[in-house]
Structure formats: C-alpha cells, structure tokens
Amino acid sequence: MAGMTSTASTASTAGPASPAGPASPAGISSASGPLADLVLGWFAVCGRDLPWRRPLTSPWAIMVSEVMLQQTPVSRVLPVWEAWLDRWPTPAALAAEPAGEAVRAWGRLGYPRRALRLHQAATVVVERHDGEIPQHLDDLLALPGIGTYTARAVAAFAFRQRHPVVDVNVRRLFARAVEGRADPPATVSRRDLVEIAELLPPDTETAARASAAFMELGALVCVARAPRCAACPLLGRCAWVSAGSPPSAGPARRPQGYAGTDRQVRGRLLAVLRDASPAVGQEILDQVWDDPVQRTRALAGLIDDGLVVRVAPGVYALPS
DNA sequence: GAATCGTGGCG
DNA sequence: TCGCCAAGATT
C-alpha cells in the first residue's frame, strides 16, 4: 500500500454507489483510505503547477513561499518569490544583508513584519543550523515567524514528512466534508488535528502530497464563498452536501475596516521608506497622513516593531 | 481568546 | 461601492 500514488485512474474504489449514509455526527470515515485517494486523483489532474511545488525546490525556497503565502494570494506572491530567491538563494545570502533590504524586497505583499522575521529566521538558521533549514518540527517552530501551520508545511512539503498541515482551506474542507458544517472552526482542536492526520495515507511521500492536495481542493473548489461542488471529487461523500448544504452561521464579525486605521498609515509610511533610499526626512513622512497624532503613533509603532529606525533627529530609514 | 498586523481583487 | 476574503503569527 505504499505506492498507490499513480496519477490517473484512481477510480478503483471510487464506486458510484455512494450509499448516502455519511451524515452521522461522529462520522469518522473509515480510516486512512478513500478520501485521500479521491483528492489525490483530483489533485493530479487539477492541481496548479506552482513553482515551489516543483522537484528540486530547496527547503529554503519552500519556506519562503510558505511565509509569503500567509494571508496573501498566490498571484501576488509569485513574482516576489521569484525575485527573492534569485537574489537570496540561501538563508546565508539573506542573513548577510541588512534586514531593511528584506523589507524593501517584500514590496507590497503586506504584513511586512513577515519580511523582518524571515530575515531573523535566516540568521538563526545560519548561526544554529549550519545554514540548513532544520527538518525537525520543534526546530522549525523555534524560528521567528514560523508557527504551527508553517512548521508543518515545511516539514511536509520540503522534507516529505507525514504531518497534518492545517490551514484555513483544510479546516474548511474538513468541516464540510467530514463534519457537515458550513464554516471552519476558529481554531484547530487537538482532536481535529488527530482526525485530519488519520485521513493521511501511511506512506510519508504520499501523505505529503495529500496534504498539498487537501489545501488545493480547499483553495480551488471548496472555497469560502461559493463552493464549486459540481467539480468536487468528494461530492458523493460530503457530509455537508448530504445534510443539504446548510448555510453558514453568518459572517464572523469583522473587527474593523482598513481605511483610516493605524494599519493604513503604517502602510503608507513604509511605502515611502521602501522607495526612498537610504533615508527620508520627517517632512516627507508628514505628507502621507494629515492627523499628526495618528501619524506619530503609527511611526512609533513601526520603530517599535523594528521595521523603521531613526538614524538622526527627524531622519528615518529601513533597518540595517 | 481577542486584537493587531497590509494589500489588492472580486462579486 | 464595499464587505469579504486570501497557505497565519504573535501578544
């Protein structure tokens, strides 16, 4: 049962029968078999050819992609990822440059603290792991900016280990297909993690690919807003569909908008600093926002985060 | 557990 | 037009 990975024709166990019974609450679908096979078969045909999924992609390149993809669409990551790795093909290459260069190269991906932490992570990798991305989950988790999702993603996708890789796509897919609920849980319970792990095939390489396949299905078909169930390989055994596709419990209230927030001011300030080198004067920064109180608070926040440094009275720059 | 932290595309 | 949404981490 190690090599059930062949791309085409996994329809053996697919059975059009679909006994229509998986609506039971604790429906822990058999064990580690059919569901993953169905998704793997779909993935082989419909999965995107993303560059970080290609063979021979380095663990560093995969880790960079995972960090960039946090809360950021693939289409926006692609060009930045290419340029980033062209410039810094290894952690040592990045660690050798000022952190500000990482922030600048980050461009408009958003959440620029990720760039700072990636630079910090590269430094740790050089100093404590001989320049190689560590393979153990605990070592990955210890890196700045690497949380539970990203650590497992790197372990699985770069080192082909068998770990449940649970992002929002997998949470949503699991909530619907297995639990019959429209919305993913806010957080992943220990038990959900175990159950998702049990869906993975035993073979580690196949398990790693299955994790990518789950995420892909959630990203392309089992999407949040208008799921394309007609194109889903799990249509015949989806608990949510079997239950009549009950609507979501309403949108989780949005904390706040973006316009007018400190976040927007920080974004504007940093945009000026990215495009200006090496430094800019106070009067330039003063033009990005009218309210001096909020502007000052935002700049102080950026400095506090280490994204900006004051190089002289009234003169600011990206960190070195 | 809730709040915070960017940005841009899309229905 | 505007709210929702996109491979989370940190505090």
Side-chain angles (χ1 to χ4, degrees), chain A residues 43 47-48 50-53 61-81 103 106-118 120-121 140-158 163-174 183-189 196 208 211-220 222-228 248 250-274 288-289 297-298 300-308:
Chain A
F43 184 58
R48 291 167 293 182
L50 301 174
W52 43 83
R53 286 181 181 159
I62 290 172
M63 189 173 99
V64 171
S65 79
E66 290 300 338
V67 173
M68 287 184 172
L69 286 164
Q70 291 167 4
Q71 304 286 284
T72 308
V74 166
S75 59
R76 240 185 302 163
V77 166
L78 279 169
V80 181
W81 182 81
V103 174
W106 196 254
R108 308 188 67 80
L109 283 184
Y111 295 134
R113 285 188 292 195
R114 291 182 293 169
L116 208 52
R117 290 177 180 144
L118 201 44
Q120 294 167 352
L140 288 165
L141 273 171
L143 298 175
I146 306 299
T148 57
Y149 160 76
T150 306
R152 291 195 181 106
V154 172
F157 303 146
H163 295 291
V165 183
V166 185
D167 70 337
V168 68
N169 291 309
V170 176
R171 291 206 307 273
R172 188 174 53 244
L173 181 67
F174 182 78
D183 302 310
T187 62
V188 190
S189 71
I196 292 171
S211 287
F214 289 161
M215 291 173 58
E216 190 78 335
L217 188 59
L220 298 183
C222 195
V223 297
R225 197 69 73 82
R228 304 168 47 211
S248 68
R253 45 197 162 123
R254 197 129 282 259
Q256 58 180 342
Y258 177 65
T261 62
D262 282 9
R263 224 162 176 170
Q264 184 181 25
V265 184
R266 286 167 56 107
R268 289 195 183 182
L269 289 169
L270 208 55
V272 170
L273 285 157
R274 270 199 313 266
V288 310
W289 201 257
R297 186 175 62 225
L302 287 170
I303 293 172
D304 193 54
D305 287 343
L307 284 164
V308 174

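So that the names make sense, note that chain A is the first sequence line, chain B the second, and so on, each numbered from 1.
Nearest-nucleotide assignment on DNA chain C puts the 5′-proximal partner with A/R172, out of A/L143 and A/R172.
Across C/dC5 and B/dG6, the matching C1' atoms stand 13 Å from one another, rounded to whole Å. Across the P atoms, B/dG8 and C/dA9 are found 23 Å apart, a figure rounded to whole Å. Across C/dC4 and B/dA3, the matching P atoms stand 16 Å from one another, rounded to whole Å. Atom C1' of C/dG8 sits at a distance of 16 Å from the matching atom of B/dG1, rounded to the whole Å.
Using a 4.5 Å heavy-atom cutoff, the side chains of A/L140 and A/T150 are not in contact. At a threshold of 4.5 Å between non-hydrogen side-chain atoms, the residues A/L302 and A/L269 count as touching.
Under a 3.5 Å cut-off, the side chain of A/R274 and the backbone N or O of A/G107 do form a donor-acceptor pair. Remark: the backbone N or O of A/V288 is paired with a side-chain donor or acceptor of A/R268 at under 3.5 angstrom. Using a distance-only test at 3.5 Å, with no hydrogens or angles considered, a donor-acceptor pair links the side chain of A/T261 to the main chain of A/Y258. At distances below 3.5 Å, not a single donor-acceptor pair connects side-chain atoms of A/E66 with backbone N or O atoms of A/I62.
Among the atoms of the strands shown, only primed sugar atoms or phosphate atoms (P, OP1, OP2) are found under 4.0 Å from some heavy atom of A/R108. Among the atoms of the strands shown, only primed sugar atoms or phosphate atoms (P, OP1, OP2) are found under 4.0 Å from some heavy atom of A/A224. Across all strands, A/G110 comes closer than 4.0 Å to base atoms (heavy-atom distances). A/A219 comes within 4.0 angstrom of the backbone, heavy atoms only, and of no base. Residue contacts for A/W52: at a heavy-atom cut-off of 4.0 Å it reaches a base atom on one of the strands shown.
The distance between atom CG of A/D304 and atom P of B/dT4, rounded to the nearest whole Å, is 15 Å. Note: CG (A/L50) to C1' (C/dA6) measures 14 Å, nearest angstrom. Remark: C1' of C/dA7 and CE of A/M63 are 15 Å apart, rounded to the nearest angstrom. When rounded to the nearest whole Å, the span between CG of A/L307 and P of C/dA9 equals 18 Å. For the pair A/L109 CG and B/dG9 P, the computed distance is 13 Å after rounding to whole Å. Look at CZ on A/R266: it is 14 Å from C1' on B/dT7, rounded to the nearest Å. The distance from atom CG of A/L78 to atom P of B/dG8 is 16 Å, rounded to the nearest whole Å. One interatomic measurement links the two molecules: CG of A/L273 to C1' of B/dG6, which rounds to 15 Å at whole-angstrom precision.
OP1 or OP2 of C/dC5 sits under 4.0 Å from a side-chain N or O of A/R225. Listed pair A/R114 / C/dG8 fails the phosphate criterion, with no side-chain N or O lying under 4.0 Å from OP1 or OP2. For A/T148, no side-chain nitrogen or oxygen approaches OP1 or OP2 of C/dG8 to under 4.0 Å. The side chain of A/R297 contributes no N or O atom lying less than 4.0 Å from OP1 or OP2 of B/dT4. For the OP1/OP2 pair of B/dT7 and a distance below 4.0 Å, the side-chain nitrogens and oxygens of A/Y111 include no atom meeting the criterion.
Remark: A/D167, A/V168, A/N169 in residues 163-171 of chain A come within less than 4.0 Å of DNA chain C through at least one heavy atom. Within residues 66-76 of chain A, the residues approaching DNA chain B are A/Q71, A/T72, A/R76, by heavy-atom distance under 4.0 Å.
In terms of the side chain to side chain donor-acceptor pair (under 3.5 Å) criterion, A/R152 has no residue partners (sequence neighbours excluded). The ring pair (Phe, Tyr, Trp, His ring centres under 6.0 Å) search around A/W52 returns A/W81, not counting sequence neighbours. For the side chain to side chain donor-acceptor pair (under 3.5 Å) test, no residue two or more places apart in sequence or in another chain qualifies with A/W106.
For the side chain to side chain contact (heavy atoms under 4.5 Å, CB included) criterion with A/L307, the lone passing option out of A/D304, A/D305, A/I303 is A/D305.
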For residues 72-80 of chain A, please give each side-chain donor-acceptor pair under 3.5 Å, one per line with the distance, not counting sequence neighbours.
| residue | atom | partner | partner atom | Å |
| --- | --- | --- | --- | --- |
| A/T72 | OG1 | A/M68 | O | 3.4 |
| A/T72 | OG1 | A/Q70 | O | 3.0 |
| A/T72 | OG1 | A/R114 | NH1 | 3.2 |
| A/T72 | OG1 | A/R114 | NH2 | 3.0 |

